[in-house]
Number of protein chains: 2
Amino acid sequence: MPANSRFAIAVHILTLMARADAKPLKSDEVACSVNTNPVVIRRILCALSKAGLVVSQTGASGGSRLAMKPNQITLLAVYRAVDAGDVFALHPQPPNAKCPVGMNIEGALDRILDEVEQGVERVLEKITIEKVLRSIEPRGSARRAS
Amino acid sequence: MPANSRFAIAVHILTLMARADAKPLKSDEVACSVNTNPVVIRRILCALSKAGLVVSQTGASGGSRLAMKPNQITLLAVYRAVDAGDVFALHPQPPNAKCPVGMNIEGALDRILDEVEQGVERVLEKITIEKVLRSIEPRGSARRAS
DNA sequence: TTCATTTGTAACTATAATTGTTACTAATAC
DNA sequence: GTATTAGTAACAATTATAGTTACAAATGAA
């Protein structure tokens, strides 16, 4: 099924929570909106919790809520929290070290991958969960950035 | 095995060809440097050929060579030629259309994916095969990074 | 013309990652 | 105490990738 959707689902989850304000959401409720199994949601919530983006509580009337304001959560933080994977993979097998190109290409590709990831991060750090929520709200409860 | 290495291998192949100058390389020779099966190489060469980056010829003393100068081939062209896949995937199942967030989140994520891909492309369009080759040559024709 | 060589491509296998699922434990509120 | 919920382990189903074998089509050389 490869090509992972954890980042997309994480953004969805956090947007739901931003909309719910401080009210904790249960993994069942979130799963209903995302249209998947609650365990899939809890796995991602666990990563978001370890990254300090959400706070969860077990027990009756438990659930999860944002650990900070929606305008303090950038998509870069989300991208790093869930392991979204690299933009491209390097060689499956190490190249031939006896070839002048094979010997050095991995280092070169590694540096390129770093630059590409930085390009991704520059974009993601400019977008917040608040911004995503506002881009979704048809109108009405939309609110200015604080 | 997911997370595809076609872009990495394509850059490797083109760098070999840049170094070989106009001499056509056989898929066997390339496979030896990349350390994989010649068919894997030919599959990628086929994509590069369709994109007009290389020229191939069947038959005895055939092989493939660059279709243009190494400084005219950007990594963006390579990235587009091989299907490197998206930076992140959207929802595996469509979200719940009855939820205000579920209804609109896919569009928002799509726009974010577009921006991210543009971030990737801005980086890749600045790097050419010539630059990769120079960053690899141990010395002699080596040149300072720019 | 004939033959060896090479690409192009189809078909199949093995591997690995993801998502979905069930089942259970631990924590918490009422 | 009891019901509820998160956290997590274990496993199945799906899917993409890379590797492999096999063969047709094209080409150049004898």
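Small disclaimer: the values here were computed from a predicted structure and weren't measured. Per chain, numbering begins at 1; letters A, B, ... match sequence-line order.
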>> Rounded to whole Å, please give me the gap between CG in Leu90(A) and P in dT17(D).
In response: 16 Å
> Rounding to a whole Å, what distance do you find between Leu45(A):CG and dG7(D):P?
Replying inline: 7 Å
>> Quick check: do Gln118(B) and Val123(A) have side-chain heavy atoms less than 4.5 Å from each other?
In response: no
>> Considering every strand and a 4.0 Å limit on heavy-atom distances, what is the contact class for Ser5(A): base, sugar-phosphate, or nothing?
In response: sugar-phosphate
> Taking atom C1' of dT5(D) as reference, at what distance in whole Å does atom CZ of Arg65(A) sit?
Replying inline: 16 Å
> Can Leu109(B) be reached from Ile73(A) by stepping across I, L, V, M, F, W or Y side chains whose heavy atoms are under 4.5 Å apart?
Replying inline: yes
>> For the helix from dT1(C)-dA30(D) to dC30(C)-dG1(D), what angle separates the axis at the start from the axis at the finish, each from five pairs, in steps of 10°?
In response: 20°
> Under a 4.5 Å cut-off applied to non-hydrogen side-chain atoms, are Phe7(A) and Leu75(A) in contact?
Replying inline: yes
> Of Ile9(A) and Ser64(B), whose nearest nucleotide on DNA chain C comes first from the 5' end?
Replying inline: Ser64(B)
> Do any pairs count as a salt bridge (charged side-chain N to carboxylate O under 4.0 Å, His left out) and have a residue in residues 74-99 of chain A, sequence neighbours left out, and if so which ones?
Replying inline: Arg80(A)-Glu121(A)
>> Just the rounded figure in Å: distance from C1' of dA6(D) to NZ of Lys26(A).
In response: 11 Å
> Should Ile44(A) and Val55(A) be regarded as members of a common hydrophobic cluster, given that ILVMFWY residues are connected when their side-chain heavy atoms come within less than 4.5 Å of each other, either directly or indirectly?
Replying inline: no
> Who pairs with Arg42(A) by side-chain contact (heavy atoms from CB on, under 4.5 Å), at least two apart in sequence or on another chain?
Replying inline: Ser27(A), Pro38(A), Val39(A)
> When you measure from every atom of DNA chain C, which of residues 27-42 of chain B have a heavy atom less than 4.0 Å away?
Replying inline: Ser27(B), Val39(B), Arg42(B)
>> Check for me, please, whether Leu76(B) and Leu133(B) land in the same ILVMFWY cluster - side-chain distances under 4.5 Å, paths through other members count.
In response: no
>> What verdict does the salt bridge (charged side-chain N to carboxylate O under 4.0 Å, His left out) test give for Arg134(A) and Glu130(A), after you've listed the backbone C-alpha separation in whole Å, the side-chain angles of each residue and the deciding distance to 0.1 Å?
In response: CA-CA 6 Å; Arg134(A) 278 206 313 243; Glu130(A) 186 191 35; 3.8 Å; yes
>> Once side-chain hydrogen bond (donor to acceptor under 3.5 Å, both in side chains) is applied, do any residues pair with Arg122(A), and if so which ones, sequence neighbours excluded?
In response: none
> Do Val82(B) and Phe88(A) come close enough that some side-chain heavy atom pair is under 4.5 Å?
Replying inline: no
> Touch check for Arg43(A), heavy atoms < 4.0 angstrom, all strands: base, sugar-phosphate only, or nothing?
Replying inline: base
>> Tell me the interatomic distance from Asn4(A), atom CG, to dT17(D), atom C1', rounded to whole angstroms.
In response: 16 Å
> To the nearest Å, how far apart are Ile13(B) CD1 and dA18(D) P?
Replying inline: 12 Å
> Starting at CZ of Phe88(A) and ending at P of dT17(D), how long is that distance when rounded to a whole Å?
Replying inline: 16 Å
>> With nearest nucleotide decided by heavy atoms, which residue, Gly62(B) or Gln93(A), maps closer to the 5′ end of DNA chain D?
In response: Gln93(A)
>> Under 4.0 Å, counting only non-hydrogen atoms across every strand here, what does Leu25(A) touch: a base, just sugar-phosphate, or nothing?
In response: sugar-phosphate
>> Is there a continuous path of hydrophobic side-chain contacts, each under 4.5 Å between heavy atoms, that joins Ile129(A) to Met103(B)?
In response: no
>> Contact list please: residues 48-60 of chain B against DNA chain C, heavy atoms, distance less than 4.0 Å, in numerical order.
In response: Ser56(B), Gln57(B), Thr58(B), Gly59(B), Ala60(B)
>> So Gly85(B), base contact, sugar-phosphate only, or nothing? Heavy-atom distance under 4.0 Å.
In response: nothing
> Nearest-Å distance, CD1 (Ile44(A)) to C1' (dG20(C))?
Replying inline: 12 Å
> Yes or no on salt bridge (charged side-chain N to carboxylate O under 4.0 Å, His left out) for Arg19(A) and Glu137(A), after CA distance, side-chain angles and deciding distance?
Replying inline: CA-CA 9 Å; Arg19(A) 198 156 172 282; Glu137(A) 293 280 277; 2.9 Å; yes
